[in-house]
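Encoded as structure tokens, the structure appears first; notes follow it.
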Amino acid sequence: MITEKKQLLLITNKQSMVDCVQEGVSMQFEVAHANSLHTGFNMALNLLPDIILLDYSSFRSGRNFKNIANFKSNHFLTKAWLVVYAEERYRAEAESRFRKVVDEFIYSPTIEALCGRIVKLVYSNRSLSNYWKDAFMGMFNIISQPVVLLDQNEIVAMNDAFKQSFDVKEKKGLKLTDFVKCENVQKVKDSLRNFARGKHIKAATKTALLLRNDKVRNARINFSKLNRNFGHQFVMFIDLMEESEVINNRIGTASEEVENCFKQNSQLTDFKFTNREKEIIELLIKGYKTKDISEALFISPKTIEKHRSNIIKRTNSDTILESIIYAINHKLIDYQKV
């Protein structure tokens, strides 16, 4: 679903076409108009439009139309979708001259049909590129701070600084919740999901993150969406040392929900099992059943089941086996003594 209008630059000297296009795509686009290619090129550099629509019949006989190649030769406009609208009778002529620089030719019989085709571009699989996302990803690995691209809780990409700071070996399957305290995992998941779906552009807060060497580091983190329309993806900047803001707090709308969630994560005490929970886990590792544990610890089976349930819940696991594996991997029990 589209929540923000995209930018369309229409280059034509026909006012009737301008009126029809503005009416036909007004729900999806903000339309800017230029009556010459020279003017249109300068406007495009300022607007960075999603679509540049050229009316072939307006400039077919003029020498200026050959300057259409300028639009694709400029780095800042390579992501704009360059469309030429022409009558069917000019198909061969237009394509032979400009096939190499035009992304799409449209030969719809009416302006209304043209508008329909333009609107479909927004929803198609080859839809409009997110220029700022592409530009950011081009600088991703030269940023000295740890940065990750997230799809809600899933880590889609991480820069070199993040890999070094958190001693990350594997590249796939990591989640942001792998780096927060386990008591708060579900709350963090819910908060990230709501932020991804919500209206807020950014969230900034302080929290504690778990490094891969089992140490906890306090950090200032900033979440920012590259585009409201780009699925559920957003960027997280991590500042482990500096006190300065990574993202300007005056820009965009801030999510207090994310801030509060991660502050609570920082305030939690270090995770550890109770002595009774450790005893139960150690006996489970040895292969004891509930009845055996009951006899060994002199507690009722009902109490044991309650402890098992608490262990599963606190480690954010689905089964007691996952909880045991978690306890071993995070050195929460002395496995060597079991």
Side-chain angles (χ1 to χ4, degrees), residues 1-7 30 47-48 50 76 79 127-163 165-166 174-181 184-211 217-268:
M1 180 178 180
I2 296 176
T3 57
E4 282 190 339
K5 291 184 179 181
K6 293 189 176 294
Q7 186 74 239
E30 294 287 349
L47 294 172
L48 297 180
D50 299 288
F76 294 101
K79 298 301 179 181
S127 61
L128 316 175
S129 297
N130 184 327
Y131 172 81
W132 295 113
K133 176 179 181 294
D134 291 341
F136 172 79
M137 294 305 292
M139 300 187 295
F140 198 54
N141 275 318
I142 65 173
I143 298 176
S144 60
Q145 293 167 281
V147 184
V148 292
L149 180 64
L150 296 166
D151 191 332
Q152 296 189 39
N153 184 37
E154 303 288 332
I155 295 179
V156 177
M158 64 192 87
N159 72 345
D160 291 339
F162 182 89
K163 295 174 187 176
S165 298
F166 292 88
L174 285 177
K175 301 176 175 61
L176 180 59
T177 47
D178 293 334
F179 303 94
V180 301
K181 297 175 184 178
N184 209 32
V185 165
Q186 191 57 50
K187 186 175 290 186
V188 169
K189 286 181 180 178
D190 292 341
S191 180
L192 293 176
R193 182 175 62 250
N194 292 335
F195 175 66
R197 295 175 177 174
K199 65 181 181 179
H200 302 293
I201 291 295
K202 71 179 185 64
T205 186
K206 292 180 179 179
T207 191
L209 295 175
L210 301 174
L211 277 66
R217 290 285 301 273
N218 291 324
R220 180 186 294 276
I221 58 175
N222 288 272
F223 297 95
S224 180
K225 295 178 183 176
L226 292 173
N227 189 296
R228 279 196 179 101
N229 300 323
F230 195 76
H232 296 142
Q233 291 190 3
F234 48 91
V235 174
M236 182 178 78
F237 292 82
I238 303 170
D239 190 349
L240 296 172
M241 298 175 292
E242 301 294 332
E243 290 297 322
S244 58
E245 293 287 347
V246 178
I247 297 177
N248 193 328
N249 276 333
R250 295 173 295 176
I251 298 176
T253 56
S255 172
E256 293 183 5
E257 180 186 55
V258 173
E259 181 178 355
N260 293 334
C261 169
F262 279 85
K263 280 185 177 178
Q264 291 173 15
N265 181 57
S266 298
Q267 294 164 359
L268 291 173

> Who are the side chain to side chain contact (heavy atoms under 4.5 Å, CB included) partners of Asp190, not counting sequence neighbours?
Replying inline: Gln186, Arg193
>> Within this structure, what is the CG-CE distance for the pair Leu209 and Met236, rounded to the nearest 0.5 Å?
In response: 6.0 Å
>> To the closest 0.5 Å, what do you measure between CG (Leu149) and CE (Met158)?
In response: 10.5 Å
> Can you tell me how far the CG atom of Leu174 sits from the CG atom of Asn153, to the nearest 0.5 Å?
Replying inline: 10.5 Å
> What's the shortest heavy-atom distance between Ala196 and Gln152, and which atoms?
Replying inline: CB-CG, 4.0 Å
>> Within the structure provided, determine whether Phe234 and Lys202 are in side-chain contact (heavy-atom separation under 4.5 Å).
In response: no
>> How close do Phe195 and His200 get, counting heavy atoms only, and between which atoms?
In response: CE1-O, 3.8 Å
>> If I compare all heavy atoms of Pro146 with all of Phe166, which pair ends up nearest, and what's the gap?
In response: CB-CE1, 4.4 Å
>> So Leu150 and Leu176, do their side chains get closer than 4.5 Å, heavy atoms only?
In response: yes
>> So, using side-chain hydrogen bond (donor to acceptor under 3.5 Å, both in side chains) as the criterion, who are the partners of Asn159 when residues are at least two apart?
In response: none
>> Using a 3.5 Å distance criterion without hydrogens, assess whether the side chain of Asn222 forms a donor-acceptor pair with backbone atoms of Ala204.
In response: no
> Hey, mind stepping through Asp178 and Ile155 against side chain to side chain contact (heavy atoms under 4.5 Å, CB included) and telling me if it holds?
Replying inline: CA-CA 10 Å; Asp178 293 334; Ile155 295 179; over 6 Å; no
>> Applying side chain to side chain contact (heavy atoms under 4.5 Å, CB included) to Ile221 and Asp239, what does each step give before you reach the verdict?
In response: CA-CA 6 Å; Ile221 58 175; Asp239 190 349; over 6 Å; no
>> Please report the interatomic distance CZ(Phe179) to OG(Ser165), rounded to the nearest 0.5 Å.
In response: 10.5 Å
>> Please enumerate all residues that pass side-chain hydrogen bond (donor to acceptor under 3.5 Å, both in side chains) together with Thr205, with sequence neighbours excluded.
In response: none
> Minimum heavy-atom separation for Gln7 to Glu30, with atom names?
Replying inline: OE1-O, 3.1 Å
> Is the closest side-chain heavy-atom distance between Ile238 and Val147 below 4.5 Å?
Replying inline: no
